[in-house]
2 protein chains.
Amino acid sequence: MATTSTQSTAEILREKILEGAFPPGTILRQDALAQGLGVSRTPLRTALAELARDGLVTYEANRGYTVRGFNVDDIRAAFEVRANLEGLACRLAAPRITEAQLDRLQRCVSEGDAILSKGILDPEDLAPYRRLNVEFHETIIEASANPWISDFVNRTHNVPLASDRVFHWEDHAIIFRSHNDHHRILRALRTGDAMRAEALMWEHVTYAGDVLVEHVAPKITDRQAPVTLQSMDTETP
Amino acid sequence: MATTSTQSTAEILREKILEGAFPPGTILRQDALAQGLGVSRTPLRTALAELARDGLVTYEANRGYTVRGFNVDDIRAAFEVRANLEGLACRLAAPRITEAQLDRLQRCVSEGDAILSKGILDPEDLAPYRRLNVEFHETIIEASANPWISDFVNRTHNVPLASDRVFHWEDHAIIFRSHNDHHRILRALRTGDAMRAEALMWEHVTYAGDVLVEHVAPKITDRQAPVTLQSMDTETP
DNA sequence: CGCCTCCGCTTTGGATACAATCTTGTTCTA
DNA sequence: TAGAACAAGATTGTATCCAAAGCGGAGGCG
């Protein structure tokens, strides 16, 4: 593999933090962490600097890195921005989207239809549907031909519990409605109706944020107390 | 000072790249660079990792960091996003902006009036006016109470020749019109007219992007050829 | 009794040394 | 002569070592 030790530790740490393995406020002891990850402190430190730039950890000179805590308002704010950015992506994409990209969107929508047609949402169908969902959104952003949108929306996923990694929609009705949004967005893009595509996408993302905040709120409020911990359950493979 | 060597080299490098000291495509030889900056390779490397995360340099494993080139489309795209984000900031700020923040905006506008009332733009007034301009925009973003907007707009400044550091408006008419936008935006915010504030800000930023692209376009097109260079004119203070 | 200082320990930051990878120029072969 | 293989040098990536800055507790002083 052409990947360096720094990159892999950054990725592992990012995953761990995003899935909530470290309580917010945890101060990351470099020696222990490095040992746990099986690397030296040097690559760990540059990885941490990167995560700090992404806002996942905070840094204080000579005092190290601590896991950042997010509250509900941060998540709400993230979706506020995301709704606007993805709406903008739709507006920009509408006049310039290619046939190939439309085909890809169509495929996402059709395969989603197939999954949802069962009437219930099989737990094992969740991962595939999630993938389709991600591809749908990413394709539109790609079609907008604005690399900044892509970058910023991705950063917006750098929030524990709020990324696409976790899917909080057990409710079939909600997911069905959301999928229906995709149908309409695709049609608007196909007909070049930029404004309609933007409005649909804005509501689509805004509502997803509402649902997520509702689901996630009770889990967060009590995790704000700063905790000091440096242990890790690393199963080195 | 409580700043570490890594932070200062990151800042210095960021400045140098933003002001165009390194032609795009320049391969940043770590040993030479570190020596030029008077630090070892360790802090330099973490600084570079940070800049890579900001998109100022690109990284390839085992092949080092190279200065990224931006073309006119990248700049245009940045302003597209910025116009929307700052517009959003206005929309969010309108209903919740505080009296203190309105006062700050008023002060920016009034002091700007004083500077521009001369009828011509003194070169030595340019820096102060630039500062007022930055404060005006930052205050509104702060008033939006959405930290993501602040972060993303700042990232949007990470483009050589396109940040607020350089002011390309020699034209008094343009700067005067832009300042007049500030007047109107402030009034809209004061009266809680979110939509109007958003529309004004959108046009304000979009036009600034147009002007900048026009000024900067000829300087960029010919700098795209990848150059290999590692020398630095460092005057260590 | 409370606060302040000092000293040792812990932890982080930076420099150097070493390993791994890439680059380049040369030589050998088809 | 073109191209591939190889080897030496250069360059990056990682580990280790040392310095400097925080932290905490013991002891002294008001």
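Throughout, protein chains are lettered first and strands after them, A, B, ... in sequence-line order, and every chain is numbered starting at 1.
- With DNA chain D read from its 5' end, the first of the two nearest nucleotides for B:A61 and A:R41 is the one closest to B:A61.
- One atom, CD1 of B:I27, and another, C1' of D:dA10, lie 12 Å apart when rounded to the nearest Å.
- A donor-acceptor pair under 3.5 Å is absent between the side-chain atoms of B:N158 and the main chain of B:N154, judged by distance alone.
- Judged by distance alone with a 3.5 Å cut-off, no donor-acceptor contact links the side chain of A:R63 to the base of C:dG13.
- As rounded to whole Å, 16 Å separates atom C1' of C:dG14 from atom CD of B:Q35.
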Checklist entry - Going through the distances and angles, do B:E50 and B:R53 end up as a salt bridge (charged side-chain N to carboxylate O under 4.0 Å, His left out)? => result CA-CA 5 Å; B:E50 230 183 85; B:R53 200 72 201 137; over 6 Å; no
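- What you find for A:T66 and A:G25 is that their closest heavy atoms are CB-O, 4.3 Å.
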Checklist entry - Does the salt bridge (charged side-chain N to carboxylate O under 4.0 Å, His left out) test come out yes or no for B:E111 and B:R107, once each step is laid out? => result CA-CA 6 Å; B:E111 292 185 19; B:R107 199 171 44 69; 3.3 Å; yes
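- Here the P atom of nucleotide D:dG13 and the CD atom of A:Q7 are 9 Å apart, to the nearest Å.
- Side-chain proximity of A:T4 to the nucleotides D:dT16, C:dT16, D:dG13 is greatest for D:dG13.
- When the P atom of D:dG13 is taken as reference, atom CG of B:D31 falls 13 Å away, rounded to whole Å.
- A straight line from CG of A:N62 to P of D:dA21 spans 7 Å, rounded to a whole angstrom.
- Taking each heavy atom of A:S144 and A:A93 in turn, the nearest pair found is N-CB, 3.9 Å.
- For B:R29, counting side-chain heavy atoms from C-beta on, the closest listed nucleotide (D:dT12, D:dG13, C:dT16) is D:dT12.
- Evaluation of atom-type donor-acceptor distances gives a pair under 3.5 Å for the side chain of B:T42 against the base of C:dT16.
- Residues A:H182 and A:L132 have side chains not in contact (no heavy-atom distance under 4.5 Å, counting atoms from C-beta outward).
- Contacts with DNA chain C (heavy atom under 4.0 Å) in residues 43-60 of chain B: B:P43, listed by number.
- The phosphate of D:dA10 (OP1 or OP2) has no side-chain N or O of B:Q30 nearer than 4.0 angstrom.
- Here C:dT11 presents its P atom at 17 Å from OH of A:Y65, a figure rounded to the nearest Å.
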Next on the checklist: What verdict does the salt bridge (charged side-chain N to carboxylate O under 4.0 Å, His left out) test give for B:D54 and B:R155, after you've listed the backbone C-alpha separation in whole Å, the side-chain angles of each residue and the deciding distance to 0.1 Å?
Outcome noted: CA-CA 7 Å; B:D54 288 343; B:R155 284 179 194 280; 3.1 Å; yes
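- The distance between atom CG of B:L33 and atom P of D:dA10, rounded to the nearest whole Å, is 19 Å.
- Closest to the B:S5 side chain, of the nucleotides C:dA15, C:dT21, C:dG14, is C:dG14.
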